[in-house]
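Take a look at the structure below.
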Amino acid sequence: MTSTDVRKEAENSGPSGYAAARLRLLTEGARSGPPRRAALADLTDDWLTGLFDAGVGAMRGVSLVAVGGYGRGELSPRSDLDLLLLHDGGDPAAVAVLADRLWYPVWDLGLALDHSVRTPVEARRTAADDLKVQLGLLDARHIAGDRGLTAGLRTAVLADWRNQAPKRLPELRDLCAERAERQGELQFLLEPDLKEARGGLRDATALRAVAASWLADAPREGLADARRRLLDVRDALHLATGRATDRLALQEQDQVAAELGLLDADTLLRQVYEAARVIAYASDVTWREVGRVLRSRAVRPRLRAMLGGGKPVAERSPLAEGVVEQDGEVVLARTARPERDPVLPLRAAAAAAQAGLPLSLHAVRRLAATTRPLPTPWPAEAREQLVTLLGSGEPTIEVWEALEAEGLITRLLPDWERVRCRPQRNAVHIWTVDRHLIETAVRASEFTRRVSRPDLLLVAALLHDIGKGWPGDHSVAGEIIAKDVAARIGFDRQDVAVLATLVRHHLLLVETATRRDLEDPATVRSVAEAVGSQGTLELLHALTEADALATGPAAWSSWRGSLVADLVKRVAAVLAGDEPAEPEAVVATAEQERLAVEACRTGGPVLSLRAQTEPPADEEPSGAQEPEPLGVELLIAVPDQPRVLPAVAGVLAMHRLTVRTAELRALPLPDGVGGFVLLLDWRVAAEYGSLPQAARLRADLVRALDGSLDVATRLAERDAAYPRRRGVVAPPARVTVASAGSRLATVIEVRAQDAPGLLFRIGSALEDTGVRMRSAHVSTLGSNAVDAFYVTDPEGAPLPSEEAAGVARKLEETLRG
């Protein structure tokens, strides 16, 4: 059936015919995108025209007008119908009857309707009071009735908008900024709102409104395609969910990708991010131009009065060779010759970032169009300008985005294409891969005074995750890429080796510090062997902190910082020639010693709860951030006995306490007391509500240890009573044996999706294998549990390799079952 046949069916069959024709149109596999949206708008126009003509009779001076998205002809499958019944005020009663004849059939079909009935004067008055109404009227389109009435309103509304632009555009800019603050940036969100988030459809509509004001215009290249792509995704989302939603939820992404013929959800997100980036960059450029024009208009009359007329010449201040500042932007000097100066893009970018100014759109486009490629290896100036750009702090981000928008970054660094707009499906990460790399460089710029080679630190920050665009371990792939890039940009062989080491081992310090026993000499020696030198260790320490700070709030804390600093101190001693000492008796704090003695005296568990909102007195806060809340510290001392870890973990899960970090170790009692007490140091937070009383925790723990409290049954009953909501299917748990992890014990590593009772299940499974737990190091990063357990046989020796593999296999089966 052709589109003409569909329209005739809608006209001839009333609401039921329209509904059938609409359904047929939406289920046609061959039609999608702009053709389907236009056809749906035409179909709806014809149906509404039929309703209007049947109800208007002999009435004159009335018209039906589509506004907003419907006015633009952008009807998605579940879009609202934005309608204005416009009349000249001659017969209000007849207009009311006509309105009922229009609105009720729409409601009867279950279509969402945003409607109003106004005279042209009322419409203009409402628009003057309500910016959103005015924006909708800018897209007014005639459907039926008096064309002259509609045309008159459109002309008047556009004239009002242009006359009031100096007042209304700042209001629109503030509205966009407030929405961005509330909804976040579309190009980085894992569950973005395609309409409301920054870089979404609302911003694209705002750019149309700015263009309609004749005050400024958006960069047009790629903008229409970006808008079309987001609309296509919204169409597919509506069809996949059957709902009028703009939020691309995780559970819908695979289906939406399939609807669009894309490979997978990651490909979908990457396309969404690319479109959002185009719109967000166009918004930045456009609003900057609006501000410049408005400032110019405000200043020009005063200058003319002072100078006696004439147009003032914009002042140009030199910033670097071929680069000047003009009117708050960085532009190319009149003498600049990009076609003869391949370093000019990096020099202009570095000058702009150092000055804290944006690169002008015209300058970036001229550089992209005319600059020759850099030779290989790069000249020293190009490398120095790159380092200067990366070390400029926050202004680096805006300048980098300007270069990337015109393709200059991938021209300078071809490997960048694989990480550009690449999503990271990890709750810890708040940025795409490429933006995370730039954020890491920004963070690293704060630490350049801590290292002897700040240039290597900044370049390593830029490259440390470059391997995420390739299959396999991104650190291994990244090492290969880093060697190639570092050589291409002109570093010598020794510096290339250092950069490769930094990229290969950028996770080494934080993973070792939080998952290994630092008292074990094998731990420290293995890090020293991987790092190789004091200078590399210094750089790796700074890179580790910059990487974590640029990842997200869950990735770094003063606690993690202190553990990493302790490890660095121990490794530095080994690199200086001091062998790590064999582990000595752990020195307890006064609080730990008090609890240990009390546990020994009573023969049962003793605990204390205390909030910790800042680092201990002997720690310095990491970086320039304010100390963040670390939750509540729970110290538990228990006389050495089996099944302590699962008992404590189970009781905490019963009380709905989320475990952020945990450590278990044997604490020797003071002289004269003798023996050992197991000390568990937890950082916990209430899932919701307030923390339980310490006395209740202790009572339940006593019962769990003596067997009178069946923790497993209680947790199973609770899980059955509160079934989990549908969500993303997490990867299966993975359990491995860390080779050469320790000389004194076998290290079992667990990676799993965090869940209530997870640590209880792990502890129970390990106890069931008959191993003895020497220590445990537990951490939660977003939704991921990352744990290491040091276990021995009953006599205290490391497990034979086959037995260790069997323990890991059984634990993995338990967690996957």
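Throughout, numbering of the chain's residues begins at 1 and tracks the sequence.
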With Arg435 as the cation and Trp431 as the aromatic partner, state whether NZ or CZ is under 6.0 Å from the six-membered ring centre and within 45° of the axis. yes
Within 45 degrees of the axis of the six-membered ring of Phe447 and under 6.0 Å from its centre: does Arg450 put its NZ or CZ there? yes
Between Asp264 and Arg270, does any NZ, NE, NH1 or NH2 come within less than 4.0 Å of an OD or OE carboxylate oxygen? no
Without hydrogens or angle criteria, can the side chains of Thr448 and Ser445 be said to hold a donor-acceptor pair below 3.5 Å? no
Could you walk me through whether Arg372 and Asp341 pass the salt bridge (Lys or Arg N to Asp or Glu O under 4.0 Å) check? CA-CA 7 Å; Arg372 292 185 293 110; Asp341 186 357; over 6 Å; no
Just by distance, with hydrogens left out, do Arg277 and Gln187 show a side-chain donor and acceptor under 3.5 Å apart? yes
With the threshold set at 4.0 Å, does a side-chain nitrogen-carboxylate oxygen contact exist between Arg422 and Asp266? no
Does a side-chain N-to-carboxylate-O contact under 4.0 Å join Asp517 and Arg774? yes
Any side-chain heavy atom of Thr371 within less than 4.5 Å of one from Val343? no
Pair His464 and His505, ring centroids less than 6.0 Å apart: no
So, Glu511 and Arg516, do they make that salt bridge, N to O below 4.0 Å? no
Does the side chain of Thr388 come under 3.5 Å of the side chain of Gln354 through a donor N or O and an acceptor N or O? no
Please confirm whether Arg488 makes a cation-pi placement over Trp378, using NZ or CZ under 6.0 Å from the six-membered ring centre and within 45° of the ring normal. no
Using side-chain contact (heavy atoms from CB on, under 4.5 Å) as the criterion, list what pairs up with Ala804, not counting sequence neighbours. Val737, Thr746, Leu799
For His777 and Phe789, I'd like to know if the aromatic rings sit close, meaning centre-to-centre distance below 6.0 Å. no
Does Lys468 pair with Asp465 as a salt bridge, N-O distance under 4.0 Å? yes
